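This report refers to the structure that appears directly beneath it.
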Amino acid sequence: MKVATFNINGIKARINALPQWLDEAQPDVALLQEIKSVDEAFPREIFEDRGYQVETHGQKSFNGVAILSKLPLEDVTRGLPGDAEDEQARWIEATVMGDTAIRVCGLYLPNGNPCPGPKYDYKLSWMERLHARAQELLSAEEPFLMAGDYNIIPQDEDARSPEVWQEDALARPESRAAFRRLMNLGFTEAFRARTQGPEHYSFWDYQAGAWNRDNGIRIDHFLLSPQCADLLLDCQIDKEIRGREKPSDHVPVWVDLAV
DNA sequence: ATGTCCTCACTATGAGGA
C-alpha cells in the first residue's frame, strides 16, 4: 500500500498539477495539506472520478487538510483534540480498511514564525497536543502513521543552509526538542529509516531562486508506530514534481507498506 | 531570508500568510 503526503498550497492553484501527479504516482492514500478551501468548495468529483474516497477538513483561505483513499475509510475524525477553542483546520484521522487496518493521521503543523511570539507559542502548544494524541494512539499497539507538513527541520543536515534557519521557528531548539520528544515515544521517521545524509529536501521557497539553487529544507515527514514501521518497504521524495509547471512549494513524500 | 506565490477583500491593488 502506497501512502503519500503532499502540501499542495491551495487546491485551486493545484487543480491541474495535483490530478496529474495522482495519475502518475497512483498512491492508494494521499494526505493533503493547505487545501485552503472550505469543504463545500473542494472539487471532490475530480478525485472521486479517479476512484478516491474524499474526506476534507477545510476552512476559508488558510490551512485545511484532506484524505483521498482508494480503500474504504472508516471512523473519520477532524481536529486535533485538546483545545476546543482551536479553530484552525490542521488535523484529520481515518482508518484505511485494507487487509490490515491502518489508522492514518494527516497533519499541518503550525509554522510558528515570527518567533518568539504568539504564533510560536501556538506551535509549541499544538505540538504538546500532538504528543498527547500520539500517546493515546500508541497505547493501542496497532499500526498507525502520522504524516504531513511538520514545519520542522529535524537536524542541520535537513537544510541546504542550516545557519540561515538557526533562529527560525522551523529549526529553533524548542521546536526540534518537541519533535524529538515525539519521536522518542517510539516512532520511526520513515525517510531516515531508509536514507541517510544531506541534500534530501521536500520544500523549496518560491523566492530567491531557491529551487534552481537547490536551497531546500526537509519538513514533510512520516512518523510510523512500531507496528507500522515493521511494514515499511520504502520511503521516497518525489523531488522532480517541484520543477514542473505551476508547482507547489512542497513536493510529495510517500511510503510503501507491506499491506 | 527575499529575487514569490496563494487567497481574499465592499474587484484590481494591497494585506496577510507562508
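Note that this is a predicted model, so its numbers are computed, not measured. Here is how names work: the chains are called A, B, and so on, in the same order as the sequence lines, proteins then strands, and each is numbered from 1.
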A:Glu93 bridged to A:Arg133 by N-O distance under 4.0 Å: yes

With DNA chain B as reference, determine whether A:Asn151 or A:Ile11 sits nearer its 5' end, using the nearest nucleotide of each. A:Ile11

Is A:Arg50 salt-bridged to A:Glu45, cutoff N-O under 4.0 Å? no

Residues A:Arg44, A:Asp39: salt bridge by 4.0 Å N-O rule: no

Applying a 4.0 Å non-hydrogen cut-off, can you work out what A:Phe203 is touching in the nucleic acid: base, sugar-phosphate, or nothing? nothing

Integer angstrom distance from the P of B:dT4 to that of B:dC10: 27 Å

Integer-rounded Å distance: B:dA18 P and A:Asn7 CG: 11 Å

Can you check whether A:Lys60 has a side-chain N or O nearer than 4.0 Å to OP1 or OP2 of B:dA9? yes

Quickly work out the A:Phe62 CZ to B:dC5 C1' distance and round it to whole Å. 14 Å

Rounded interatomic separation in angstrom, taking CD from A:Glu34 and P from B:dC8: 13 Å

So, is A:Arg14 near the phosphate of B:dC5, with a side-chain N or O under 4.0 Å from OP1 or OP2? no

Looking only at side-chain N and O atoms, does A:Lys36 come under 4.0 Å of OP1 or OP2 in B:dC5? no

Residues that A:Tyr120 engages under ring pair (Phe, Tyr, Trp, His ring centres under 6.0 Å), provided they are two or more places apart: none

Could you go through nucleotides 11-14 of chain B and list every protein N or O atom that sits under 3.5 Å from one of its N or O atoms, giving the distance for each pair?
none

Report the distance from atom CG of A:Asn111 to atom P of B:dG16, rounded to the nearest whole Å. 17 Å

Grab the CG-C1' distance between A:Asn63 and B:dC6 for me, whole Å please. 13 Å

In whole Å, measure the gap between the C1' atoms of B:dA12 and B:dC6 for me. 16 Å

List for me each residue that meets side chain to side chain donor-acceptor pair (under 3.5 Å) alongside A:Arg78, sequence neighbours excluded, and say none if there are none. A:Glu55

Let's see if you can work this out: which of B:dT4, B:dG17, B:dT7 has an atom nearest to the side-chain heavy atoms of A:Tyr206? B:dT4

Between B:dT2 and B:dT7 - P atom distance, rounded Å: 25 Å

Name the nucleic acid region contacted by A:Ala13, choosing base, sugar-phosphate or nothing; use a 4.0 angstrom heavy-atom cut-off, strictly under. sugar-phosphate

What is the distance, to the nearest angstrom, from the CD1 atom on A:Ile8 to the P atom on B:dC6? 11 Å

Relative to the 5' end of DNA chain B, which residue comes earlier, A:Asn9 or A:Arg213, by the nucleotide with the nearest heavy atom? A:Arg213

Salt-bridge test for A:Lys239 and A:Asp214: reply yes if a basic N is under 4.0 Å from a carboxylate O, no otherwise. yes

Would A:Arg244 and A:Asp238 pass as an ion pair if we require N to O under 4.0 Å? no

May I ask you to check whether A:Tyr150 and A:Tyr108 place their ring centres under 6.0 Å from each other? no

Can you tell me how far P of B:dC6 sits from CG of A:Asn16, to the nearest Å? 12 Å

Remember a base hit wins even if backbone is also touched, and classify A:Asp205 as base, sugar-phosphate or nothing at under 4.0 Å, heavy atoms. base

Gap between atoms CD1 and C1', on A:Ile35 and B:dC6 respectively (whole Å): 14 Å

